[in-house]
Amino acid sequence: MAAIYSLYIINKSGGLIFYKDYGSAGRMDTNDSLRVASLWHSMHAISQQLSPVLGCFGIELLQADTFDLHCFQSLTGTKFFVVSEPGTQHMEDLLKSIYELYTDYVLKNPFYEMEMPIRCELFDMNLTQAVQKDRVSLFGR
């Protein structure tokens with residue numbers, strides 16, 4: 001069983017710009033993944049406004065019985081979130097390394113237009129390696 005079910009990247013206006021499924025049992029179609037991204041963007045924004053803590057950056061971890069959702073928001077408002085097995089540790093480190101890959105291979109790509117869907121082969125290859133490396137460090141497989 002995979003520790004990571006799926007990865008989403010959402011632009012600052014709430015549009016899904018990247019989605020990758022890592023073998024979760026209940027695969028979602030495109031419309032479902034768009035709905036999840038839109039819902040998360042809205043919940044994240046509302047939580048920032050309703051938080052009694054000054055300087056709150058929104059929800060970073062949502063724990064449920066069957067999954068955990070870990071979120072990292074960049075300074076530009078781009079959100080990276082991973083849906084993983086309950087209790088999976090060190091997802092913050094993985095999200096930060098995915099953000100580094102995003103800055104190195106997507107933002108530095110002269111053909112990429114900001115806020116548009118990510119179609120970058122080098123990003124995909126390095127992302128796959130980072131997720132595999134994370135699985136190996138977690139499970140030794």
Side-chain angles (χ1 to χ4, degrees), residues 1-24 26-141:
M1 194 172 199
I4 299 167
Y5 296 146
S6 54
L7 165 71
Y8 296 77
I9 302 176
I10 307 171
N11 63 22
K12 64 183 173 191
S13 58
L16 181 65
I17 58 174
F18 186 83
Y19 169 72
K20 182 84 170 173
D21 190 334
Y22 291 100
S24 58
R27 288 191 179 259
M28 291 191 294
D29 64 9
T30 304
N31 288 333
D32 288 338
S33 59
L34 289 169
R35 274 189 223 108
V36 168
S38 177
L39 179 65
W40 180 254
H41 175 75
S42 301
M43 287 175 41
H44 197 271
I46 291 169
S47 70
Q48 284 178 310
Q49 294 174 358
L50 293 178
S51 175
V53 178
L54 291 176
C56 176
F57 295 110
I59 303 170
E60 294 177 358
L61 172 63
L62 174 71
Q63 293 179 314
D65 292 339
T66 57
F67 68 91
D68 286 351
L69 192 150
H70 300 263
C71 182
F72 170 76
Q73 180 174 340
S74 71
L75 293 175
T76 60
T78 303
K79 292 173 201 65
F80 300 78
F81 71 91
V82 170
V83 180
S84 65
E85 287 181 354
T88 304
Q89 301 294 316
H90 308 295
M91 286 293 110
E92 298 81 20
D93 296 335
L94 176 65
L95 286 169
K96 287 178 183 175
S97 69
I98 291 171
Y99 174 66
E100 288 176 13
L101 294 173
Y102 171 77
T103 58
D104 287 344
Y105 296 106
V106 177
L107 295 182
K108 293 178 184 177
N109 182 344
F111 301 107
Y112 177 70
E113 294 183 40
M114 290 297 292
E115 309 295 316
M116 298 304 292
I118 298 170
R119 310 241 187 281
C120 179
E121 196 172 319
L122 281 174
F123 176 70
D124 286 340
M125 288 180 356
N126 284 286
L127 178 63
T128 301
Q129 289 175 354
V131 170
Q132 289 295 341
K133 179 181 170 189
D134 187 65
R135 281 185 182 162
V136 168
S137 67
L138 285 174
F139 299 113
R141 2 177 184 161

Pair M91, I4 - check side-chain contact (heavy atoms from CB on, under 4.5 Å), show working. CA-CA 9 Å; M91 286 293 110; I4 299 167; 4.3 Å; yes
Show your reasoning for whether side-chain contact (heavy atoms from CB on, under 4.5 Å) applies to K20 and S6. CA-CA 6 Å; K20 182 84 170 173; S6 54; over 6 Å; no
Evaluate the side-chain contact (heavy atoms from CB on, under 4.5 Å) criterion for residues D104 and N126: first the C-alpha distance (whole Å), next the side-chain angles of each, then the deciding distance (0.1 Å), finally the verdict. CA-CA 10 Å; D104 287 344; N126 284 286; over 6 Å; no
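W40 is listed as a side-chain neighbour of I59, based on a closest heavy-atom distance under 4.5 Å. No side-chain heavy atom of T128 sits under 4.5 Å from any side-chain heavy atom of M125. Residues K96 and F72 meet the side-chain proximity criterion, which asks for heavy atoms closer than 4.5 Å. Counting heavy atoms from C-beta on, the side chains of L69 and L61 never come closer than 4.5 Å. Y8 places none of its side-chain heavy atoms less than 4.5 Å from the side chain of V82. A 4.5 Å side-chain heavy-atom check between E115 and K12 finds at least one atom pair inside the cut-off. Using a 4.5 Å cut-off on side-chain heavy atoms (C-beta onward), V36 and F81 make contact. Between L62 and D68, the closest side-chain pair of non-hydrogen atoms is not below 4.5 Å.
Heavy-atom neighbours of Q48 CD from other residues, nucleotides or ligands within 6.0 Å: above the threshold of 12.
Closest approach of A130 to L101, counting heavy atoms only: CB-CD1, 3.9 Å. Across every non-hydrogen atom of C56 and S47, the tightest pair is SG-O, 4.4 Å. Closest approach of N109 and C120 over heavy atoms only: ND2-SG, 3.9 Å. What you find for T78 and F80 is that their closest heavy atoms are CG2-CE1, 3.8 Å. Looking at every heavy atom in both residues, T76 comes nearest to S74 through OG1-OG, 2.9 Å. When all heavy atoms are compared, the tightest approach of P117 to Y112 is O-CE1, 3.7 Å.
A distance of 9.0 Å separates CG of L16 from OG1 of T30, quoted to the nearest 0.5 Å. Here the CG atom belonging to D93 is positioned 11.0 Å from the CD1 atom belonging to I98, to the nearest 0.5 angstrom.
Of the options H41, H44, Q73, a side chain to side chain donor-acceptor pair (under 3.5 Å) to K79 is made by H41 and by none of the others.
Listed for the S42 side chain is a donor-acceptor partner under 3.5 Å among the backbone atoms of S38.
Residues F18 and Y102 keep their aromatic ring centres 6.0 Å or farther apart.
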